[in-house]
Amino acid sequence: MKTFGLIDCNSFYVSCEKIFNPYLKDKACVVLSNNDGAVVARDAGSKALKIKMGQPFFEIKDLVDRGLVIPCSSNYALYQDISNRVVKVIQSFVPFYEIYSIDECFVDLTGIKESELESLCKEIQKKILKDVGMPVGIGVGRTKTLAKLNNWASKNWKDKTGGVVVLIDMERQNKLLTFAEVNEIWGIGNRTTEKLKHLKITKAKHLADFDKQTLRKHFNVNIERTARELQGTVCFSLSEGPEPKKNIASTRMFGERIKELEPLRQAVATYAARAAVKLRREGQLTSCLQVFIQTSRFDSLPYSRTALVPLEAPTDDTRELIAAAQAGLTGIYRQGFAYAKAGILLSQFIDKKGYVPDLFAKPERRNTDKLMSLIDYVNRTQGTGTIRFAAEPENAGWGMKREFLSPAYTTKWSDLLKVRTT
DNA sequence: TCTGGGGTCCTAGGACCC
DNA sequence: TCTGGGGTCCTAGGACCC
């Protein structure tokens, strides 16, 4: 029998901001998306103010102006660093874990006595809070789906549970399943919840008990697996070590609308360069690049096109990707629209190790690796943007708006927190 | 005026093959 | 009037996740 745990940071982005800014501690606080467009993270205080996930900033601006809620622009460098620190603590307790997202981590607790699980979890929780300053909730169950649901319970009944819910005994687990709505289950979204209603499935327990054949026929194999997991049968196992990515995207809304081709060419080049860095970090070559541009989906006259640019040979060379992106853009750009967003998608990867170049490959490719790894090295150690391609502008008018940005407390010497002693 | 970004997996259907 | 069967591969679109 297996035992899984899920460790999940509470209001992760907001908690990161609060670690370094004690002023925020007792305030209601939200973190905004790129361009300060919408709310992407809320703490208990902002939830109490009925601020919703994804709510546009202008709708809560009034609350901000009245000082009832403090906004922060998103600061991903900070969040990633805090995330790494949390994982480090987890590592020191558990050898087998899966980093599921920036704020969640599955752990394999198989073999630990049922009577000891709760105290172990409390200890992990305490240590993460003490060493990193991050509050977490922990759910433990017989499958990943159950661990996730128990984690939800740990947050939903935080006061009663202290943020730790361990359910190994299936009778007790089933009690929770009769309480929990079906849309609280991992893998069951809005659409599926609506469809399940027609089958009179509204609680987690209904789904667990439902005929698996019928589920598979009406939905798909994953819904069937989810239902089995609710009964305690392991269908999803821990995947250790990150799988190689199958797609890489780099997309952004612009800080302001763009009408002309030239700034679009710059934007697309900038995103292509960013995607290329991710690609090289993965050790992959791409054979296909997609570039898209779109107006706002709220526009009365929307326009959205994607160009698919096959590459002559698999590559991770920024120069080739920029050229491909701009060539694709030329084909889809139409005058007369106010573009709000553009992006690059890379797909169809080949592992770089073991790739044998085509007999007819262009000879200049030979310089690629040295040049690219030098650029990556300089940018990694001296700061992003130290070396740019000419196609990428230094300061673009359409660049990101981040009005409420916190300092890079942990990743930039100049932003280090200062402590004054008097 | 102002509405996120980056992923994964599954399925249906078309193209193509023998 | 009649019009194979079975297989693979690829893509677009849908649904989900954080």
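Reminder, nothing fancy here: chain letters follow the sequence lines and each chain counts from 1.
By the 6.0 Å and 45° rule, A/K212 does not stack over the aromatic ring of A/F210.
Using a 4.0 Å cut-off, some side-chain N or O of A/K278 falls inside it from OP1 or OP2 of B/dG7.
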Any chance you could list the contact pattern along nucleotides 13-18 of chain C? Use B for base contacts, S for sugar-phosphate-only contacts and - for none, protein heavy atoms under 4.0 Å, 5' to 3'.
--SSSS
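For the pair A/V136 and A/D8, the minimum side-chain heavy-atom distance is 4.5 Å or more. Side chains of A/W152 and A/L176 form a contact here, defined as non-hydrogen atoms less than 4.5 Å apart. Side-chain atoms of A/I350 and A/Q284, non-hydrogen and from C-beta on, never get closer than 4.5 Å to each other.
Here the separation of C/dC17 from B/dT3, taken at their P atoms, is 25 Å to the nearest Å.
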Please tabulate, one pair per line, each protein N/O and nucleotide N/O from nucleotides 1-4 of chain B that are separated by under 3.5 Å, including the distance.
{"unit_1": "B/dG4", "atom_1": "OP2", "unit_2": "A/R297", "atom_2": "NH2", "d": "2.9"}
{"unit_1": "B/dG4", "atom_1": "O4'", "unit_2": "A/S33", "atom_2": "OG", "d": "3.0"}

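Side-chain contact annotation: A/S406 with A/N75, donor-acceptor N/O pair under 3.5 Å present.
Contacts of A/K61 with the nucleic acid, taken as non-hydrogen atoms under 4.0 Å apart, are absent.
From one end of the helix from B/dG5-C/dC18 to B/dC18-C/dG5 to the other, with five pairs defining each end axis, the axis direction shifts by 10° (rounded to 10°).
Between A/Y339 and A/Y303, the ring planes lie perpendicular to each other; the angle is over 60°, past the 30° to 60° tilted range. In this structure, A/F106 and A/Y100 have perpendicular ring planes: the angle between them is above 60°, well past the 30° mark.
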